[in-house]
Protein chains: 2
Amino acid sequence: MPRRSSSTMDVLLGLLTIEPMSGYDLGLTIRSSVGFFWSESYGQIYPNLKKLAANGFVNAKTERQKGKPDRRIYSITGKGRERLANWLALEPQPEIPRNELLLKLFFGAQASPESLTQYVDRMAQREGAVLARIAQVEREIAAGKQYPGTPYWRMAARFGQLELEAHLRWAKQTLGELRKIADKHRQSGHRKAKHHGNQ
Amino acid sequence: MPRRSSSTMDVLLGLLTIEPMSGYDLGLTIRSSVGFFWSESYGQIYPNLKKLAANGFVNAKTERQKGKPDRRIYSITGKGRERLANWLALEPQPEIPRNELLLKLFFGAQASPESLTQYVDRMAQREGAVLARIAQVEREIAAGKQYPGTPYWRMAARFGQLELEAHLRWAKQTLGELRKIADKHRQSGHRKAKHHGNQ
DNA sequence: AAATGCATGTAACGCGTTACATGATTTT
DNA sequence: AAAATCATGTAACGCGTTACATGCATTT
């Protein structure tokens, strides 16, 4: 969002070093490879591909298909590789933090324990699923053909694993504490009218 | 950044439940309390306080000081508390992920092992410092007066602890692997001309 | 004398998401 | 017949950062 100059064009260049691709493919590839630590929308991808092409960082050619719409296939140029190298040589800036779940939890005294529990629970489910997918990807990387990128892909995947495992451990702890709070809450007369027994 | 409606005004309201404050104070408080999972710039804080006041979510009064500029002290209203409660009852949306360090690592085959090492190392130093600060805050929370918010503040702090510890473990592993790669790199003739001994 | 801290604010700028448009084919 | 998939694109909108403006007091 800021003056810290977007890396969108550079991600695209990076992915095009693996293989020439269309904008559509780039979108799919982003989701399925770097998806757990990076995302781009098509509203961002297509205009940036145009800009890359206009500046000679990529070449484009149209591929006709029968039955399906034409595809514009982009491939990285020497100039593009140079730009990518320059970007890679720049130290990544620390992220500006923004975690809305933690924010709502921080103000938890103003909220209902039930909703907080639900938020943490949902987050754990979601991240558990991502963790499983990363483990799957890891196995595929290990079993599949070795590319020059392979060791680096594993490092990135490993980050996801460790971080998500930490999140899940935290969620477990936190759900326990929230439960205790909710129990006290109920005891002290905040009970909601609710049926017990067969509904 | 998106259509997912900003939470800036709601953070401000949340903090004002603790104590009436000026915009300046809010900036400082954000940095020192929720800083590791949320940030707001003054270019965001001041206009949003105005909007909150214009809509009756907060009251403002000017406090004269000698020697220093006047302060506008904001306090939350009943209507403001209502808005905050509504926001808290909305499930937080999963973050769109953006980690530039991982992105550069993912494209590591196109970069120099030395710079990657530096990036990971710096990140570890930075996060190590944050971890120490969180531990410090945790101790202060535990030792200090108990507020209604206390248990929730600890949950948030605990999240930071677990996540950052995971990051540091990962950094250690990863630095080891990068070192191995760099060694191989040097062996296979990528050695840089460099002086040994007294420079 | 210059820089820093306190304190409030506005303006520029651009990034990024969502929504919309188009149109053929295949699946339900 | 309707919906989904493939595929490329544009436009609107607003969030959020940076930079700038102001001005007094204290510290270096």
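All heavy atoms count here, side chains included; hydrogens, waters and symmetry mates do not. On a predicted model such as this, the values are computed, not experimentally measured, just so you know.
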Interatomic distance, A:Trp38 CH2 vs C:dG16 C1' [rounded to whole Å]: 11 Å
Near-ring test A:Trp38/B:Phe106, centroid separation under 6.0 angstrom: no
Nearest-angstrom distance from the residue atom CD of B:Gln93 to C1' of C:dG16: 17 Å
Pairs meeting criterion side-chain hydrogen bond (donor to acceptor under 3.5 Å, both in side chains) with involvement of residues 76-89 of chain B, two or more places apart: B:Asp10-B:Arg83
Contact nearer the 5' end of DNA chain C, comparing A:Gln44 with B:Gly43: B:Gly43
Distance, rounded to the nearest Å, where A:Glu100 contributes CD and D:dG16 contributes P: 10 Å
For atom CG of B:Leu12 and atom P of D:dG16, their distance in whole Å: 11 Å
Charged tip of B:Lys145 within 45° of B:Tyr147 ring normal and under 6.0 Å: yes
Minimum-distance nucleotide (side-chain atoms of A:Ser6 versus D:dG16, D:dG9, C:dC15): C:dC15
Phosphate contact (C:dG16 OP1 or OP2) by A:Thr8 side-chain N/O below 4.0 Å: yes
Nucleotide C:dT17, atom P - distance to CZ of A:Arg31 in whole Å: 11 Å
Base versus backbone protein contacts along nucleotides 2-8 of chain C [heavy-atom cut-off under 4.0 Å; B, S, -]: ----BSB
Gap between atoms CD1 and P, on A:Ile96 and D:dG16 respectively (whole Å): 8 Å
Phosphate OP1/OP2 of C:dC15: any B:Arg98 side-chain N/O under 4.0 Å: no
Interatomic distance where CG belongs to B:Asn48 and C1' belongs to C:dG9 [whole Å]: 13 Å
Set of side chain to side chain donor-acceptor pair (under 3.5 Å) partners for A:Ser188, sequence neighbours left out: none
Salt bridge (Lys or Arg N to Asp or Glu O under 4.0 Å) involving B:Arg98 - partner list, sequence neighbours excluded: A:Glu40
Residue pairs fulfilling side-chain hydrogen bond (donor to acceptor under 3.5 Å, both in side chains) with at least one residue in residues 164-177 of chain B, sequence neighbours excluded: A:Arg158-B:Gln173, A:Glu163-B:His167, B:Glu127-B:His167, B:Trp170-B:Thr174
Non-neighbouring partners of A:Glu63 that pass salt bridge (Lys or Arg N to Asp or Glu O under 4.0 Å), sequence neighbours left out: A:Arg71
Integer-rounded Å distance: D:dG9 C1' and A:Leu26 CG: 15 Å
